[in-house]
Amino acid sequence: MAKNLKPTIESDLVRELAGLLDETGLSEIEYGTDGLSIRVAKHAVASTASLNPAAVPVEVPIAAPKQGAPIANEASYADHPGAVTSPMVGVVYTAPDPNSAPFVQVGDQVTKDQTMFLIEAMKVFNPIAAPKAGKVVLILVDSETPVEFGEPLAVIE
Amino acid sequence: MAKNLKPTIESDLVRELAGLLDETGLSEIEYGTDGLSIRVAKHAVASTASLNPAAVPVEVPIAAPKQGAPIANEASYADHPGAVTSPMVGVVYTAPDPNSAPFVQVGDQVTKDQTMFLIEAMKVFNPIAAPKAGKVVLILVDSETPVEFGEPLAVIE
Amino acid sequence: MIEKILIANRGEIALRIQRACREMGIQSVAVHSIADADAMHVRLADESICIGPPPARESYLNTHAIISAATISNADAIHPGYGFLSENADFAAMVEEHDIAFIGPSPDHIRLMGDKIAAKKAVADVGIPILPGSDGEVTSLVDAQEIAMETGYPILIKAAAGGGGRGMKVAEDPAGLEEAYQFARTEAELAFGNDAIYIEKFLSQPRHIEVQVLADGHGNVVHLGERDCSLQRRHQKVLEEAPSPALNQTQRDAIGETVTQAVKAIGYKSAGTIEFLFEDGEFYFIEMNTRLQVEHPVTEMICGIDLVREMIRVAGGAPLGFKQSDIRFHGHAIECRINAEDPRTFNPSPGRIGDYHAPGGLGVRVDSGLYSGYAVPPYYDSMIAKLIVHATNRNECLMRLRRALEEFVIDGISTSIPLHQGLIGAPDFINGDYDIHWLETFVAELPGD
Amino acid sequence: MIEKILIANRGEIALRIQRACREMGIQSVAVHSIADADAMHVRLADESICIGPPPARESYLNTHAIISAATISNADAIHPGYGFLSENADFAAMVEEHDIAFIGPSPDHIRLMGDKIAAKKAVADVGIPILPGSDGEVTSLVDAQEIAMETGYPILIKAAAGGGGRGMKVAEDPAGLEEAYQFARTEAELAFGNDAIYIEKFLSQPRHIEVQVLADGHGNVVHLGERDCSLQRRHQKVLEEAPSPALNQTQRDAIGETVTQAVKAIGYKSAGTIEFLFEDGEFYFIEMNTRLQVEHPVTEMICGIDLVREMIRVAGGAPLGFKQSDIRFHGHAIECRINAEDPRTFNPSPGRIGDYHAPGGLGVRVDSGLYSGYAVPPYYDSMIAKLIVHATNRNECLMRLRRALEEFVIDGISTSIPLHQGLIGAPDFINGDYDIHWLETFVAELPGD
């Protein structure tokens with residue numbers, strides 16, 4: 001079913017902040033821009049044993065209730081440079097019809113603009129074209145399942 | 001404001017805030033402008049770690065409304081090892097009566113158990129004795145003013 | 001029976017509707033733009049679907065994406081909230097064509113009330129008092145001059161397709177009429193793609209008073225009293241209260257009855273609001289809002305009725321569970337709209353919330369999707385919270401409001417809380433003595449920094 | 001006129017009283033122990049005075065410190081809240097001797113109701129139904145045997161100085177009487193320094209139903225309906241609701257009238273509660289609480305009256321502003337007491353709060369001094385928040401409660417929120433079918449970890 005799009009962990013940024021923490025001798029840095037916030041901390045007393053869960057170096061804002069929809073693992077592919085993401089809400093089809101072979105399969109070489117999927121929205125079938133040429137290394141959706149805007153469908157490398 | 005650019009860390013700003021932290025002797029700085037917020041903190045290294053969070057005096061909770069009564073500067077003397085603190089709520093007197101000289105003055109040497117103040121509570125005058133011998137370096141209250149429990153009255157060194 | 005509702009909105013109203021769904025045992029689907037992935041209503045939703053990028057026209061106004069989202073999630077109803085698609089008749093029709101219930105009035109009623117000239121005629125026909133002026137569209141300057149003379153100056157020229165204060169021009173006297181006429185037509189064409197204009201008497205010191213109605217489409221219509229929304233800045237309501245300090249019980253009962261009969265006569269269904277200007281004891285129709293309003297909570301507080309619940313029930317075909325005689329009004333309620341903006345310059349102030357602590361205790365309600373660590377996105381309306389207080393009478397309500405505003409902590413961004421604190425200390429406001437221009441003057445006279 | 005009130009309490013009730021003061025334009029003085037220097041009510045106070053170290057007997061029970069604090073701050077009244085000194089007649093008398101108004105009943109009424117034998121006699125004389133049993137103290141085993149036989153087994157032996165469930169022993173039959181008698185006397189002597197005991201009929205499946213009254217000392221007394229507080233664990237109330245699902249309107253009106261007349265007859269002043277056991281349609285007096293109660297908000301929600309405000313008004317000499325006929329009851333309210341404790345083991349869980357987010361929206365009230373970063377001290381009662389919801393009827397109230405509990409975020413410590421979530425899903429509770437033993441059984445049958 002539909003999934004939340006969640007920001008992936010920007011590990012490099014965390015490492016950079018951790019470096020700054022050491023360099024400056026701070027015990028905490030919180031860094032926020034729209035859509036991303038990182039807090040890194042290193043408490044002196046935590047060097048022997050971690051008494052305090054707040055010492056975990058990365059924190060996503062956590063004050064909101066947590067009953068929301070589960071976070072899909074595939075969401076982390078959305079920022080992959082070779083990700084093919086859904087430009088609309090709809091139902092994805094991996095083949096032109098149920099009796100045909102899929103448009104693409106893992107391992108296939110695709111050319112730029114080659115049709116990889118169809119997405120049905122408002123009773124219209126919209127072809128989803130490969131954004132670049134390359135090899136299909138992952139297909140992240142099953143045929144006839146709903147997809148949301150921005151959801152990763154496949155990865156091309 | 002473009003928000004979809006890949007975020008980066010403004011390391012120089014963090015370094016500059018860290019420098020300001022050292023320079024000003026603060027333990028925390030939060031800095032926010034549109035679309036960017038940075039918080040840096042440096043906690044004093046606790047000499048002994050306590051398992052009881054209620055006993056840790058390091059962090060002042062920050063979410064509560066701020067309209068509360070102002071915190072007296074003298075409050076910081078309460079933890080001074082030579083502080084003489086009020087054992088009760090009442091009105092303090094620095095002299096046995098308005099026409100007499102004060103019990104003690106700054107610069108006086110006091111002996112242990114020497115009367116330094118009177119505190120009137122429930123119409124009873126309670127003598128406040130020096131907890132140890134030493135020199136009176138500070139007197140923190142005026143005569144006939146109200147004091148609360150634990151309020152520092154004087155400092156002996 | 002409605003079993004799953006897609007909420008085609010964001011912010012506090014999405015959360016408000018979601019709460020009603022949860023309390024009714026109805027599943028809810030949150031749709032959101034990329035910028036709202038961390039929003040409270042998305043986190044609390046049974047299901048959530050990202051429908052587009054941050055700009056509203058590509059997400060919250062993207063009718064295809066929303067209908068698709070409803071289809072793939074098997075939602076059997078859509079609640080549009082306020083703003084966005086809530087008064088878009090074509091969208092309402094499209095929803096119905098997909099066999100999804102639109103939680104609101106019929107497309108025809110939305111369309112009728114969206115055309116200000118047609119709406120005025122329609123409500124006048126069913127007994128709603130209107131401002132004297134032209135009988136529909138004015139198409140020539142000569143006609144305008146004649147009508148203005150009959151109506152009496154000053155007069156107001158308004159765009160037929162306008163609303164929310166846009167597309168209006170005052171003519172103080174015959175000399176100013178031609179310029180105002182040409183200006184209004186040009187602006188109407190530019191702003192709405194439709195240069196139709198009409199003329200109304202201009203009131204100098206009116207109050208904005210509106211009457212809330214609920215209709216079930218089975219012939220049952222009730223009114224839930226009035227709201228006084230005169231405190232406006234640039235035609236945006238800032239603080240609303242109910243009941244209005246300006247009405248007496250006779251006026252209240254009379255306008256309520258008039259509105260109820262009119263709404264019944266036009267065959268309206270769902271919640272709706274008829275807005276009036278009120279001056280010298282007379283009501284004059286402004287427009288009918290065919291949707292839930294931002295300020296609906298003040299009505300809920302004084303009449304004890306959950307308006308969103310009733311909208312959902314009615315959309316599901318249920319009759320109203322009460323008659324006019326069952327409705328009792330209790331005490332006084334005030335709502336403050338809290339915006340992410342500088343309280344003096346009114347510049348928007350999006351950004352990350354630091355500490356957040358909502359006021360609590362007796363008679364205090366907060367409708368907000370804020371939480372500590374949430375980032376207010378810069379793409380949408382600046383309203384981030386509504387503080388609603390209720391008390392036995394207006395004076396106690398003001399005191400409670402003062403107390404609650406003092407308790408409210410929203411760190412990290414600027415908010416309009418200080419403006420509200422100033423407002424509730426102003427003698428005119430304390431006395432209930434204000435019109436629709438009062439707030440602009442109050443703001444202009446605030447001491448500078 | 002009272003101009004400054006010292007609040008001799010802590011936690012949510014101190015904040016509750018402070019809010020009432022602020023809404024009435026009355027200054028407030030917070031007194032606190034060292035452990036509570038960062039408490040919300042201290043931070044919000046006009047003035048605050050530290051009165052002692054963490055242990056309550058040296059701070060919140062330290063009468064001298066509190067009176068001194070009132071004196072140095074020129075407070076003209078003291079509100080004792082609940083617990084601590086609220087039912088200490090000597091303290092009330094001491095306050096009055098210092099020309100400070102005690103916001104509560106007279107010392108004589110506190111003393112009378114503190115003696116359970118005397119209280120029972122006094123209320124029986126003014127028409128309150130009591131449990132059959134001894135006519136006052138029982139001083140010999142022989143008397144006990146005779147009275148028990150007349151009353152009918154099982155019987156309950158209670159300490160005259162007891163309360164809150166302490167000092168009670170059941171005798172199932174004549175054979176068990178001697179042991180129960182000796183045990184009860186010894187325990188009464190040990191627990192209360194007073195071995196006086198009395199005998200009452202033992203009810204097997206009673207509900208706990210209490211009636212709230214307000215009296216102004218000028219002869220005006222009203223009742224504000226009942227609360228059902230049957231959901232108890234170890235004699236501590238866990239969840240309260242109003243009205244009781246067990247009463248019909250005739251029973252409600254009858255007990256309300258009985259209590260009102262009785263309270264008038266004894267000349268009582270201020271807020272008070274008469275607690276009953278209710279079984280088979282009959283009420284039996286337990287005790288009268290001569291103070292504000294933890295669960296007072298459920299009454300406030302259904303009758304729209306601010307009980308703390310009225311207590312303050314009455315203490316200042318004002319007459320009640322309403323008669324019984326002015327009081328209307330609306331809908332249903334439930335209060336959940338949220339404790340800092342493990343929801344399964346009930347072990348206390350003090351400590352620092354991480355994220356804190358209170359539920360909001362229509363019909364939801366939170367009374368709590370919690371905030372993000374606050375440390376719950378280990379020295380006091382574990383109740384840290386009260387969640388009160390109000391809705392049109394009991395079913396909607398349950399749904400709203402469920403929704404509000406889901407929204408409530410209190411991180412960093414364990415709380416009893418999961419217990420409440422379990423409770424509101426239990427069919428017996430949903431049906432309103434429970435007695436004072438029900439919750440103990442429910443808790444015992446909860447699945448283990």
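Lettering follows sequence order; numbering is per chain, from 1. Values reported hereafter were calculated over all heavy atoms of this structure, with side chains retained and with hydrogens, waters and symmetry mates removed.
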Show your reasoning for whether side-chain contact (heavy atoms from CB on, under 4.5 Å) applies to H357(D) and M40(C).
CA-CA 11 Å; H357(D) 195 90; M40(C) 176 81 95; 3.1 Å; yes

Could you tell me which portion of L370(C) (side chain, backbone, both or neither) has an atom closer than 4.5 angstrom to a non-hydrogen atom of chain D?
backbone

Note: R309(C)-E396(D) ion pair, threshold 4.0 Å (strictly below)
yes

As an exercise: rank A358(D), G363(D), S368(D), G361(D) by heavy-atom pairs under 4.5 Å with chain C and give me the winner.
G361(D)

When rounded to the nearest 0.5 angstrom, what is the spacing between CG in D355(D) and OH in Y356(C)?
13.5 Å

Separation between CD1 (I388(C)) and CG (L362(D)), nearest 0.5 Å, reads 9.0 Å

Could you go through D306(C) and R400(D), starting from their C-alpha distance and side-chain angles, then the distance that decides it, and tell me whether this counts as side-chain contact (heavy atoms from CB on, under 4.5 Å)?
CA-CA 12 Å; D306(C) 182 335; R400(D) 183 160 290 160; 3.3 Å; yes

Residue pair E406(D) / L44(C), side-chain heavy-atom distance below 4.5 Å
no

Name the member of E23(D), M399(D), M301(D) that forms the most heavy-atom pairs with chain C at distances under 4.5 Å.
E23(D)

So, the part of M24(C) with a heavy atom under 4.5 Å from chain D: the answer is backbone

Answer yes or no: is there an ion pair linking E407(C) with R19(D), defined by an N-O contact shorter than 4.0 Å?
yes

Measuring heavy-atom distances to chain D, does R402(C) have an atom under 4.5 Å in its side chain, in its backbone, in both, or in neither?
side chain

